[in-house]
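Each remark here refers to the structure printed beneath this line.
One-based numbering, in listed order, for ligands and for the atoms of each. If you read the sequence from its start, that first residue is 1, and numbering goes on from there. Both backbone and side-chain heavy atoms feed into the values below; hydrogens, waters and symmetry mates do not.
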Amino acid sequence: MKYFILFGPPGAGKGTQASSMVEKYNLRHISTGELLRKEIAAGSELGLKAKSLIDAGALVPDEIVEGMIESEFRTVKGVAGFLLDGFPRTTAQAAALDDMLAKTSEEVTAVVSIMIPDEMIRERIKHRASIEGRADDANDETISNRIKTYHDKTEPLVGYYKAKGKYHEIDGTGTIEEVRAKICDLMDRF
Ligand code: AP5
Ligand code: MG
């Protein structure tokens, strides 16, 4: 199995690019953000717990998302691999992922990182807010906290994966099609 991590700040285009990548490379897309939003919509206990943290622009506890990922790995069959979007987001989650994969003598294949500057994050999220109505896109303070959380807790993963020789960065500032072409050039190598 191949395990790709689609990395990048909020609004970088992870979800946008994931849909064509899963088709082209026969991957299962796992977005922890989408899984959490489904729990919220279903009104589950987990969803209730996650909602206040997501609305504040904070991360949900590592164990919750690690459990979601492990259960997807166990149950999804018939694909060439997985495309992880929004996971891992802390060094603890990255270490937990390594441990999960080590159980079956597997490892992360590559990290595909889509990078955009903070100002573009705000523009893209504001644009999406008018289309999708995501609760965590609606308020400037939440967006600022998501950007801060990204820099404080998630950006250290760049060094984590560089040290393992798995980190590949793509300029995410072009059009959707330009970014897609760069991602495909990279993915074709694995
Ligand atoms: P999550 O759902 O993962 O949100 P996020 O990381 O903030 O990322 P987004 O989904 O906002 O951005 P995206 O990169 O997918 O951009 P998109 O393609 O939509 O997480 C939500 C919350 O859940 C977190 O804050 C946290 O609380 C919790 N959570 C999730 N995972 C967790 C974890 N592992 N641990 C703990 N907590 C976790 O694009 C954005 C917009 O830009 C769209 O409108 C799109 O059309 C547009 N766009 C995209 N590309 C381009 C382009 N090239 N040019 C112009 N416009 C573009
Ligand atoms: Mg997304």
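- For Val22, the side chain to side chain contact (heavy atoms under 4.5 Å, CB included) partners two or more places apart in sequence, or in a different chain, are Leu27, His29, Leu83.
- With a heavy-atom cut-off of 4.0 Å, Leu59 touches ligand 1 through backbone and side chain alike.
- Using a non-hydrogen distance threshold of 4.0 Å, Gly11 registers as a contact of ligand 1.
- Where the criterion is an N or O separation shorter than 3.5 Å, residue side chain and backbone included, Lys14 meets it with respect to ligand 1.
- Using a 4.0 Å cut-off between heavy atoms, His127 contacts ligand 1 through its side chain alone, with no backbone atom that close.
- Heavy-atom separations between Gly174 and ligand 1 include at least one value shorter than 4.0 Å.
- Judged as a side chain to side chain donor-acceptor pair (under 3.5 Å), and not counting sequence neighbours, His127 has no contacts.
- By the 4.5 Å heavy-atom criterion applied to side chains, Gln93 and Asp98 are not counted as neighbours.
- Remark: among candidates Ala12, Gly33, Ala58, Pro9, the nearest residue to atom 26 (C) of ligand 1 is Ala58, based on non-hydrogen atoms.
- The distance criterion of under 3.5 Å between nitrogen or oxygen atoms is met by Arg37 with respect to ligand 1.
- Ligand 1 has an N or O atom lying under 3.5 Å from an N or O atom of Gly86, backbone or side chain.
- Electrostatic pairing of Arg146 and Glu141 does not count as a salt bridge here, judged by no charged N lying under 4.0 Å from a carboxylate O.
- Distances shorter than 4.0 angstrom do not occur between any heavy atom of Glu132 and any atom of ligand 1.
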